[in-house]
Amino acid sequence: MVQPCTLVIFGASGDLTARKLIPALHQLYLEGQMPARFRIFGFARREKTDASWRAEMQEAVAKFSRTKPMDAARWAAFADNLYYQCGDLGDPAAYQSLATRLRSADDPDLRDNLVFYMATSPSQFGGIADNLHAAGVLRRKEDADTAWQRVVVEKPFGHDGASARTLNNQITQHVRERQVFRIDHYLGKETVQNIMMFRFSNSIFERLWNRESVDHVQITVSEEIGVGGRGGYYEEAGALRDMVQNHLLQILSLVAMEPPVSLQAESIRNEKVKLLQSIRPLSAEDVRRQAVRGQYFAGALNGENRLGYRQEEKVGPSSNVETFVALKLFIDNWRWSGVPFYLRTGKNLPLRASEVRVQFRPTPNVLFAARTADPLQPNALTLRLQPDEGISLFFNGKVPGNSAQLRPVRMHFDYDAEFGAYTPEAYERLLLEAMAGDATLFIRRDEVEAAWQIVDSIRAGWSGTPLSNREFYAAGTWGPVAAEDLLAQAGHQWHNP
Ligand code: BG6
């Protein structure tokens, strides 16, 4: 059971609060998963009253909630717990007013159990923590304390390894690492959580999950959307920081890590860190051979014309920022030695799909070679993370008839068909876990830093070199030619979802 607590959202006027956080909290409430008593404070600069913020959030929930239509009476009961605190993030007096209101609760749980959710720009995380500490509402938890305070931090977590370390130092100046909950919303997805469950509960697959049987692994996170209105942010980030540093490396660590000692957060996170630390560092020469970036130019996607990246709002006309990344990584450990892991992600690709494909080694092509024109398809297992969540196993089967013809066929498990269309939003699970104090689905400090190390080496290899012709791709295609070349070197090819 989650203990009663108060949640304070910094950046309450932002998109994330309206689209994700409040709808998720409301959904938890509808499902009876919120604590018996709770309060939610929105903190932002704009002048608002509790009533006007409640009305605004009601509209947001009506629009973005996954349960429709909204039940007015239940909304009203939920909204009674919403409060708004107007204030500038840099103004200590605003935190004093917040602290006074936090302390006004008679219930000691609501007063002292506090979750501070930083949905602001990362440059403000440190300042917010300082101010909360100065106002007396955020402090290091000692073992004897029954009350607790936690800090939830949104991405981007730093800009590179050095800034991530600075940020980590700033935040942990006032709290212990175990009070910090760094979000990667991919970890809140059911199918991402299932990667580990699937691996370690199915003996038939787990015993194949190594260099003896696996030829290579492909992880694709393709997005149909372009950069849209986020040009300003994206110019600073690029696909490598925006997607690879967090989501793709998190998926990779779950796909490849060793079995944890237990299901405790620290056991699982220890294994993830070990895996990230086993990724072979890339020298400048490796980057040239193993890291491809791409940028979309104008094209058509599903009958709709898309602008080129350089024509997007707030994007420089000769920007070299990547909207696509493909990597070939090696994991230097006992299990994976020599097995390539290919990762790719991009915007304005033909469709939205995230998938892990484990391709097994081929059989010796001796028996059927004379009868089949094409080489036999190797076995593969795909974990489809989103949408159309499911798992498929590909193998070869005899085509019925009087010849020995073979054809690839698939065995498929579909989440919806099996479990019904129950797809909780990632933020529901993450908010619940943060309130419950379980850090399993959050990123630990050393994990962030290990991920940056990989990303930093790639950035260093790219810096100062403009994109080449082979790195541009038309919106609506599967990325640049260079990404195909990357796999072709080893006789592989991408399997598009
Ligand atoms: C975010 C990135 O972290 O993830 C976005 O900043 C991206 O650029 C988004 O579009 C993708 O998330 P999802 O859940 O839609 O796959």
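Bear in mind the structure is a predicted one, so any value in this text is a computation, not a measurement. Ligands are counted one by one from 1 in listed order, and the atoms in each one are counted from 1 as well. Index from 1, following the sequence.
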> Using a 4.0 Å cut-off to any heavy atom of K347, which atoms of ligand 1 qualify?
5 (C), 7 (C), 8 (O), 10 (O)
> Report the nearest protein non-hydrogen atom to atom 14 (O) of ligand 1: residue, atom name, distance rounded to 0.1 Å.
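Going atom by atom, the protein heavy atom closest to atom 14 (O) of ligand 1 ends up being K189 NZ, 2.6 Å.
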> Need the ligand 1 atom indices (1-based, order shown) with element for anything under 4.0 Å from a heavy-atom of H247.
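Answer, ordered by atom number: 1 (C), 3 (O), 4 (O).
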> Test side-chain contact (heavy atoms from CB on, under 4.5 Å) on F157 and I171; report intermediate values, then the result.
CA-CA 11 Å; F157 206 78; I171 295 176; 4.1 Å; yes
> Testing the basics here: between A450 and L276, what is the closest heavy-atom pair and its distance to 0.1 Å?
CB-CB, 3.9 Å
> Classify the angle between the aromatic ring planes of Y427 and H185 as parallel (below 30°), tilted (30 to 60°) or perpendicular (above 60°).
parallel
> Considering only heavy atoms of I225, which atoms of ligand 1 have at least one such atom less than 4.0 Å away?
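That gives atoms 10 (O) of ligand 1.
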> So which heavy atom in the protein is nearest atom 16 (O) of ligand 1, and how far is it from that ligand atom?
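Protein heavy atom with the smallest distance to atom 16 (O) of ligand 1: Y186 OH, 2.4 Å.
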> Can we say E322 and R459 salt-bridge, meaning some charged N sits less than 4.0 Å from an Asp/Glu carboxylate O?
yes
> With a 6.0 Å cut-off on the ring centroids, do F324 and Y473 count as close?
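When the ring centroids of F324 and Y473 are compared, they turn out to be within the sub-6.0 Å range.
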> Out of R230, H185, R352, who is nearest to atom 4 (O) of ligand 1 when you count heavy atoms only?
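Minimum heavy-atom distance to atom 4 (O) of ligand 1 goes to H185.
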> Which residue owns the protein heavy atom closest to atom 11 (C) of ligand 1, what's the atom, and how far is it?
E223 OE2, 3.4 Å
> Give yes if a backbone or side-chain nitrogen or oxygen of D242 is under 3.5 Å from a nitrogen or oxygen of ligand 1, and no if not.
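Looking only at distances, the answer is yes, because the N/O contact criterion of under 3.5 Å is met.
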> Return the minimal non-hydrogen interatomic distance between R444 and R182, and the atom names on each side.
C-NH1, 3.5 Å
> Verify whether one side chain among S319 and E235 offers a donor that lies under 3.5 Å from an acceptor in the other.
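A donor-acceptor contact under 3.5 Å links the two side chains.
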> Show me which atoms of ligand 1 lie under 4.0 Å from any heavy atom of K155.
1 (C), 2 (C), 3 (O), 6 (O)
